[in-house]
Amino acid sequence: MGMSKKAMIYFDDYGSLEVVHGTVSHSFPLHTHKSDCYLEITEGSAQLYCNGTVELSAGQKQVITAHVPHTLTMVNGLPYSYRTICVKN
């Protein structure tokens, strides 16, 4: 399935868990979360800056610790899809 260039982000609340997922064609600015988050790139590739920089491809996962500044950006200007699960404190 090809990816659309239009951003579609969904937020699902499951009590102690929040799931954020979607397909985006933009970069997220430097930000933090109040809880630990588990990021998975589900399609395409993205560059994560979080205590260093790493390029993540579809199927790769990364833990983002609460209150740690991070960004997520496109690779080569191409959209990507992701899923983030945040464990609420």
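For the single chain, residues carry numbers from 1 onward in sequence order.
A donor-acceptor contact shorter than 3.5 Å links the side chain of K88 to the backbone of G15. Side-chain atoms of D13 never come within 3.5 Å of backbone atoms of E18 as a donor-acceptor pair (strictly under, hydrogens ignored).
Across all non-hydrogen atoms, the minimal contact from D36 to A66 is OD1-N, 2.9 Å. C37 approaches T84 most closely through the heavy-atom pair CB-CG2, 3.7 Å. Nearest heavy atoms, T71 versus P29: CG2-C, 3.7 Å.
With sequence neighbours excluded, the residues satisfying ring-ring contact (aromatic ring centres under 6.0 Å, His included) with Y10 are H21. For N76, there are no side-chain hydrogen bond (donor to acceptor under 3.5 Å, both in side chains) partners two or more places apart in sequence or in a different chain. Applying the side chain to side chain contact (heavy atoms under 4.5 Å, CB included) rule to S16 yields no partners; only residues at least two apart in sequence or on another chain are considered. Contacts of F28 classified as ring-ring contact (aromatic ring centres under 6.0 Å, His included), with partners at least two apart in sequence or in another chain: H26, Y82.
Side-chain contact, T73 with S27: no donor N or O sits under 3.5 Å from an acceptor N or O.
At a threshold of 4.5 Å between side-chain heavy atoms, the hydrophobic network of Ile, Leu, Val, Met, Phe, Trp and Tyr places I41 and V54 in one connected group.
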Determine, step by step, whether T32 and I64 satisfy the side-chain contact (heavy atoms from CB on, under 4.5 Å) criterion, reporting the C-alpha distance in whole Å, the side-chain angles of both residues, the deciding distance to 0.1 Å, and the verdict. CA-CA 9 Å; T32 63; I64 302 170; over 6 Å; no

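Side chains of L72 and Y80 form a contact here, defined as non-hydrogen atoms less than 4.5 Å apart. For the pair D12/V20, no side-chain contact is recorded, criterion being any heavy-atom separation below 4.5 Å from C-beta on.
The distance from the OG atom of S25 to the CE atom of M8 is 11.5 Å, given to the nearest 0.5 Å.
Within the structure, every pair that satisfies the side-chain hydrogen bond (donor to acceptor under 3.5 Å, both in side chains) test and touches residues 53-70, not counting sequence neighbours, is listed here: H31-H70, H33-H70, S45-S57.
V87 belongs to a hydrophobic cluster whose remaining members, ordered by chain and number, are Y14, L17, V19, Y38, V63, I85; membership requires side-chain heavy atoms of ILVMFWY residues under 4.5 Å apart, directly or through intermediates.
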